[in-house]
Novice: 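Right, I'll just put the structure down here and ask away after.
It should be emphasised that the depicted structure is a prediction, and the values quoted were computed from it without experimental measurement. Both backbone and side-chain heavy atoms feed into the values below; hydrogens, waters and symmetry mates do not.
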Amino acid sequence: MNKIFISGVLLLCSLISYGQTSIIMDAKGSDQQISRHIYGHFAEHLGRSIYGGFYVGEDNTKIPHVNGVRKDVIAALKNLNIPNLRWPGGCFADTYHWKDGIGPKDQRPTIVNTWWGGVTENNSFGTHDFLNLCEVLETEPYLAGNVGSGSVQEMMDWVQYTNSKEGNPMSKLRQENGRAEPWQVKYWGIGNEPWGCGGNMDAEFYANFYKQYATYMAEGYLEGGIYRIASGPAGDDYNWTEVLMKKIPLSLMEGIALHHYAVTDWDAKGPSTTFDEKQYFGTMRQALLMNELVEKHSAVMDKYDPEKKIGLVVDEWGGWYEVEPGTNPGFLYQQNTMRDAMIAGATLNIFNNHSDRVRMANLAQTVNVLQAVILTDEEKMLLTPTYHVMEMYKVHQDATLLPLQVKSAEYQLGDDKLQAVWTSASRNKQGVTHISLVNVHASKAQEISIDIKGASYKKLSGRILRSRNLQDYNTFENPNLITPKAFKDAKLRGNTLSLKVPPFSVVVLALE
Ligand code: AHR
């Protein structure tokens, strides 16, 4: 009887027990701004990303569009304030010859998309379509140039075509194609994953190639110069960063990329919805590794660039699982659950806290591919949990970072442990402080106390993204299962803010 009573009490305690996390927030601020470009996106010619996702064609009578681009997608992305959009790849970028995608659409050549499904690419969405879309979205284009199968001349011509006002062959060609003024593209990637799909090069070989391209792109017809991004390492290849930093003069480079996907096993990535806690834990471990990767690559960069002139540009990140059953394996179409919300919330907090070096990042990818913010099915569209995280976090864009000291509870599974609470804080230009918190624990809520130093606040409000099950996702039949709601479980007493954050949820607080 006694035993039963004791185990009953223990069971109850474990059901209502909380992890304890304490945070000190320096609300005086810092001299660090969280670049809005950390909240960037990525659209590759891959699966149903461009065709069907963004672009449905000028002649489409079923789906409302502007110049062939879906109106619903434009409205959703405008609501995120997306600061930049990377295009046309990815691996596709190193097979892409931009001149195939200009001029009358019925005269454009077709190619085979060798990386993604072997499908025919008819080039109906090209440079004008993309750059005009960026204007509609009020976002900065980030063009990834072809190094793997292209040429320095081809890249120089692209820069001239997009950026030069007049008086040379490419500006003339652009004008003949109906665009008088240049678009003034600032962000240029020089190749993509040259250690893999971009040419299987080693770091030394690529560094030489890079210098050649970067030299001839020069200022890029842009006041203040263009922003040239060297293709960076995969994950923890610190030698790649070291070689680039050592061999490329700082005057030739503005950023170095980094790619890291939350994948546990490239040969068995696991399902996107029917995963168990072990798979969830493994994915989160990989996602949270981003903290270490950013710190260690930054440390290498610090040796050669102590003034932090060069940005770390994490231009591919996110979860990568098996494709949805019955879909083309080359199209990388996957569902998006609360697990993805955890990846997004924690990763964006990591980037915010390292914004002294991380100047830009691009979630892979925007529509219908990998950790998408939007999924479409013909005329239907839905916003994923990742979308809602991005929307809740947009308050951090260009805000001043507020440093935090975090003593987090742990999330333990078997012998493995992860930090349970991931958070960042900022103050925007209107003086509003925002704190974003993610509890990645699969079953335990967190009692969090925040000691505020250097400011006092009178008003508190908050929003939360949560769902009953980690595996929940929005469907075309039930697109609003997971959406942000008002968060009421926080109290402000003097300089202490106390809150209870449920398992696998994301909270953003506003303090005034
Ligand atoms: O985002 C999908 C692919 O992942 C990209 O094309 C490539 O750069 C990376 O390997």
Novice: Which of these, Trp87, Trp158, Trp183, sits in a side-chain hydrogen bond (donor to acceptor under 3.5 Å, both in side chains) with Thr127?
Specialist: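 The side-chain hydrogen bond (donor to acceptor under 3.5 Å, both in side chains) with Thr127 is passed solely by Trp158 among Trp87, Trp158, Trp183.
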Novice: Would you tell me whether Ser171 and Glu166 have side-chain atoms, one donor and one acceptor, within less than 3.5 Å of each other?
Specialist: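 Side-chain D/A pair, Ser171 to Glu166: absent.
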Novice: Using the rule given for salt bridge (Lys or Arg N to Asp or Glu O under 4.0 Å), can you reason through Glu223 versus Lys165, listing the C-alpha separation, both sets of side-chain angles and the distance that settles it, and then say yes or no?
Specialist: CA-CA 12 Å; Glu223 214 179 294; Lys165 196 167 165 47; over 6 Å; no
Novice: Assess the residue pair Leu437 and Leu499 against the criterion (side-chain contact (heavy atoms from CB on, under 4.5 Å)); give the C-alpha distance rounded to whole Å, side-chain angles, the decisive distance to 0.1 Å, and a yes or no.
Specialist: CA-CA 10 Å; Leu437 304 113; Leu499 60 153; 3.9 Å; yes
Novice: Just so I know, are the side chains of Trp240 and Tyr206 near enough to count as touching, which here means a heavy-atom distance under 4.5 Å?
Specialist: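 In short, these two side chains touch, coming nearer than 4.5 Å.
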Novice: Tell me, with the steps shown, if His259 and Glu193 meet side-chain hydrogen bond (donor to acceptor under 3.5 Å, both in side chains).
Specialist: CA-CA 8 Å; His259 289 182; Glu193 299 192 350; 2.6 Å; yes
Novice: Looking only at side-chain N and O atoms, does Ser355 offer a donor or acceptor that is under 3.5 Å from a partner on Gln32?
Specialist: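 Side-chain D/A pair, Gln32 to Ser355: present.
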Novice: Nearest 0.5 Å please: distance from the CG atom of Leu312 over to the CG atom of Asp305.
Specialist: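 That separation rounds to 11.0 Å.
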Novice: Hydrogens and angles aside, do Arg339 and Thr283 bring a side-chain donor and acceptor to less than 3.5 Å of each other?
Specialist: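 A donor-acceptor contact under 3.5 Å links the two side chains.
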Novice: Assess whether salt bridge (Lys or Arg N to Asp or Glu O under 4.0 Å) is satisfied between Lys308 and Asp356, documenting all intermediate values.
Specialist: CA-CA 7 Å; Lys308 300 188 193 294; Asp356 59 335; 3.6 Å; yes
Novice: Do Asp472 and Thr337 have side-chain N/O donor and acceptor atoms under 3.5 Å apart?
Specialist: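 Distance-only check fails for Asp472 and Thr337.
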Novice: List the steps and the verdict of side-chain contact (heavy atoms from CB on, under 4.5 Å) for Glu219 and Ile226.
Specialist: CA-CA 6 Å; Glu219 307 273 286; Ile226 56 171; over 6 Å; no
Novice: Taking Glu242 first and then Lys303, would you say they form a salt bridge - that is, a charged N and a carboxylate O separated by under 4.0 Å?
Specialist: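 Yes, charged N to carboxylate O under 4.0 Å.
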Novice: Indicate whether any N or O donor in one side chain lies under 3.5 Å from an N or O acceptor in the other, for Tyr457 and Thr433.
Specialist: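 Judged by distance alone, the side chains do pair up.
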Novice: So Ile435 and Thr423, side-chain contact (heavy atoms from CB on, under 4.5 Å) or not? Walk me through it.
Specialist: CA-CA 7 Å; Ile435 310 175; Thr423 177; 3.7 Å; yes
Novice: Under a 3.5 Å threshold, yes or no: a donor from one side chain and an acceptor from the other, between Ser449 and Ser498?
Specialist: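 Not at all, the side chains of Ser449 and Ser498 share no donor-acceptor pair under 3.5 Å.
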Novice: Only counting residues at least two apart or in another chain, list the ones meeting side chain to side chain contact (heavy atoms under 4.5 Å, CB included) with Thr483.
Specialist: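 With neighbours one apart ignored, the set is His388, Asn480, Lys485.
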Novice: Would you say the side-chain atoms of His41 and Gln365 include a donor-acceptor pair closer than 3.5 Å?
Specialist: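 No.
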Novice: Within the 3.5 Å criterion, strictly below it, is a donor on Tyr321 or Asp340 matched to an acceptor on the partner's side chain?
Specialist: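 Per modelled atom types, Tyr321 and Asp340 side chains form a pair under 3.5 Å.
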Novice: Pairing donors with acceptors under 3.5 angstrom, does anything connect the side chains of Asn84 and His37?
Specialist: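 Short answer, yes.
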Novice: Taking the ring of Tyr238 and the ring of His297, is the distance between their centroids below 6.0 Å?
Specialist: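 Yes.
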Novice: Going by atom types only, do His354 and Ser298 share a side-chain donor-acceptor pair under 3.5 Å?
Specialist: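 Ser298 and His354 do not have a side-chain donor-acceptor pair below 3.5 Å.
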Novice: What orientation do Tyr55 and Tyr51 show, parallel under 30°, tilted 30 to 60°, or perpendicular over 60°?
Specialist: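 Correct class here is perpendicular.
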Novice: Would you check if there is a donor-acceptor pair between the side chains of Thr386 and Asn336 at a distance under 3.5 Å?
Specialist: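 Note: Asn336 and Thr386 side chains meet the donor-acceptor criterion.
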Novice: Applying side chain to side chain contact (heavy atoms under 4.5 Å, CB included) between Asp315 and each of Leu363, Asn362, Asn192, report the one that passes.
Specialist: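 Considering Leu363, Asn362, Asn192, a side chain to side chain contact (heavy atoms under 4.5 Å, CB included) with Asp315 is found only for Asn362.
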Novice: Salt bridge or not between Asp489 and Lys500? Use side-chain N to carboxylate O under 4.0 Å.
Specialist: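 Between Lys500 and Asp489 there is no salt bridge, as every charged N stays at least 4.0 Å from the carboxylate O atoms.
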Novice: Please report the C-alpha distance between Lys458 and Glu512 in whole Å, then the side-chain angles of each, then the deciding distance to 0.1 Å, and finally whether the salt bridge (Lys or Arg N to Asp or Glu O under 4.0 Å) criterion is met.
Specialist: CA-CA 6 Å; Lys458 291 199 174 65; Glu512 290 173 67; over 6 Å; no
Novice: Do we get Arg228 above Tyr187's six-membered ring, with its NZ or CZ under 6.0 Å from the centre and within 45° of the axis?
Specialist: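 Judged by the rule, Arg228 and Tyr187 form no cation-pi pair.
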Novice: Can you tell me how the ring of Tyr393 sits relative to the ring of His396, calling it parallel under 30°, perpendicular over 60° and tilted otherwise?
Specialist: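 Taking His396 first and then Tyr393, their aromatic rings stand perpendicular (interplane angle over 60°).
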Novice: Grab the two heavy atoms, one from Tyr387 and one from Val373, that are nearest each other, plus how far apart they are.
Specialist: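 That would be CB-O, 3.2 Å.
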Novice: Hey, can you tell me if Tyr411 and Phe281 have their rings parallel, tilted or perpendicular (30° and 60° cut-offs)?
Specialist: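 The rings of Tyr411 and Phe281 stand perpendicular, inter-plane angle above 60°.
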Novice: In terms of side-chain heavy atoms, does Ser436 have a donor or acceptor partner in Asn349 at a distance below 3.5 Å?
Specialist: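 Asn349 and Ser436 do have a side-chain donor-acceptor pair below 3.5 Å.
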Novice: Should Ser426 and Leu401 be marked as a side-chain contact (heavy atoms from CB on, under 4.5 Å) after you check the CA-CA gap, both sets of side-chain angles, and the distance that decides it?
Specialist: CA-CA 4 Å; Ser426 69; Leu401 181 77; 5.6 Å; no
Novice: Could you go through Arg86 and Glu44, starting from their C-alpha distance and side-chain angles, then the distance that decides it, and tell me whether this counts as salt bridge (Lys or Arg N to Asp or Glu O under 4.0 Å)?
Specialist: CA-CA 8 Å; Arg86 180 174 180 243; Glu44 181 164 8; over 6 Å; no
Novice: Counting distance only, does the side-chain N/O of Asp72 pair as donor-acceptor with the main-chain N or O of His65 below 3.5 Å?
Specialist: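 Answer holds: no.
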